[in-house]
Asks: 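Here's a structure for you.
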Amino acid sequence: MGILDRFTTIVKANINELLDKAEDPAKMVDQYLVDLTESLADVKRETAGVMAEEARTKRAADANDKEVERMEGLAKKALSAGNEDDARVFLAKKQKLATTGAELRKAADAAKANADKMRQMHDKLVSDIENLKSRRETIKAKMAVAETQEKVAGFTSGADKAESAIEAFNRMEEKADRALDTADAMAELNAEPVDDAAALEAKYADAVNDAAVEDDLARLKAEMGL
């Protein structure tokens with residue numbers, strides 16, 4: 001079971017537990033926050049992994065771009081030395097790197113988008129936990145007031161107790177639903193887009209690259225006046 005799946009299960013399980021143990025909402029909220037905070041640690045690790053992937057793919061794309069520029073420079077040197085065949089070799093390598101670079105750049109852009117979403121989801125979950133902590137104190141205060149009123153009045157009907165507990169759990173359930181929405185949104189980040197066209201690129205790559213090399217060679221010779 002993945003981190004996000006476990007997180008969702010924890011949230012759902014605690015909602016049921018809270019509803020089953022309505023006699024002490026304050027204690028149930030405490031336990032709910034303990035579990036949710038533990039889950040946040042897993043979400044942080046998941047977010048850090050996505051951010052690391054963002055950095056890795058960007059480095060790979062940047063390094064490939066530099067290599068494309070280096071091949072171009074070597075082709076110019078070869079032409080300056082009068083070695084067209086050597087220039088063709090460098091330009092052929094440049095074309096392959098350029099093709100690879102386009103895919104690397106797409107991967108880097110996708111990784112950045114995923115990292116941005118994960119950061120947003122992480123920040124939202126942190127905010128929700130802080131809000132729940134604030135609500136916990138409110139619930140505890142209400143329970144304390146209810147206990148005082150019960151002592152003063154001498155009795156509290158079972159129906160009044162149930163209504164108070166249900167109202168508290170309704171508020172907690174609304175918070176939990178928002179937490180579930182966050183977890184579901186995180187799960188969508190795991191899906192990778194399928195590029196059917198990529199499978200066909202290799203079939204036509206050689207013919208396109210040969211023509212591109214000749215065009216690139218002609219361009220360099222024209223620029224250099226050769």
Asks: Once you round to the nearest 0.5 Å, how far does OG1 of T99 lie from CD of E103?
Replies: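 Reported value, rounded in 0.5 Å steps: 8.5 Å.
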Asks: Salt-bridge test for D85 and R88: reply yes if a basic N is under 4.0 Å from a carboxylate O, no otherwise.
Replies: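 Counted as a salt bridge, because a side-chain N and a carboxylate O are separated by less than 4.0 Å.
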Asks: Side-chain heavy atoms under 4.5 angstrom apart, residues restricted to Ile, Leu, Val, Met, Phe, Trp, Tyr: same cluster for L74 and L79?
Replies: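 Cluster IDs for L74 and L79 differ.
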Asks: If every non-hydrogen atom of A87 is compared with every non-hydrogen atom of L217, which pair is closest and at what distance?
Replies: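 Heavy-atom minimum between the residues: CB-CD1, 4.2 Å.
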Asks: In sequence, state the C-alpha distance, the side-chain angles, and the governing distance for E67 and K94, and then conclude on salt bridge (charged side-chain N to carboxylate O under 4.0 Å, His left out).
Replies: CA-CA 8 Å; E67 192 66 6; K94 174 195 167 185; over 6 Å; no
Asks: Restricting to non-hydrogen atoms, name the atom on E54 and the atom on A111 that form the minimum distance, rounded to 0.1 Å.
Replies: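 That would be CA-CB, 3.7 Å.
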Asks: Please determine whether a side-chain nitrogen of the Lys or Arg among D62 and K66 lies less than 4.0 Å from a carboxylate oxygen of the Asp or Glu.
Replies: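 Salt bridge absent between D62 and K66.
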Asks: Between R219 and E72, is the salt bridge (charged side-chain N to carboxylate O under 4.0 Å, His left out) condition met? List the steps.
Replies: CA-CA 12 Å; R219 175 185 61 78; E72 172 105 359; 3.1 Å; yes
Asks: In this structure, would L97 and F90 fall into the same cluster of hydrophobic residues linked by side-chain contacts under 4.5 Å?
Replies: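 Linked within one cluster.
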Asks: Can you check salt bridge (charged side-chain N to carboxylate O under 4.0 Å, His left out) on K77 and D86, steps first, answer last?
Replies: CA-CA 9 Å; K77 289 180 179 179; D86 290 347; over 6 Å; no
Asks: Quick one, T57 and D109 - any side-chain contact, counting heavy atoms below 4.5 Å?
Replies: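 The answer is no; the side chains never approach within 4.5 Å.
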Asks: Can you tell me how far the CZ atom of R70 sits from the CG atom of D65, to the nearest 0.5 Å?
Replies: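 Going from CZ on R70 over to CG on D65, the span is 14.0 Å.
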Asks: Please report the C-alpha distance between E46 and M118 in whole Å, then the side-chain angles of each, then the deciding distance to 0.1 Å, and finally whether the side-chain contact (heavy atoms from CB on, under 4.5 Å) criterion is met.
Replies: CA-CA 8 Å; E46 186 76 358; M118 285 295 289; 3.6 Å; yes
Asks: So, the side chain of S80 versus the backbone of K76: is there a donor-acceptor pair under 3.5 Å, distance only?
Replies: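 Between the backbone of K76 and the side chain of S80 there is a qualifying donor-acceptor contact (under 3.5 Å).
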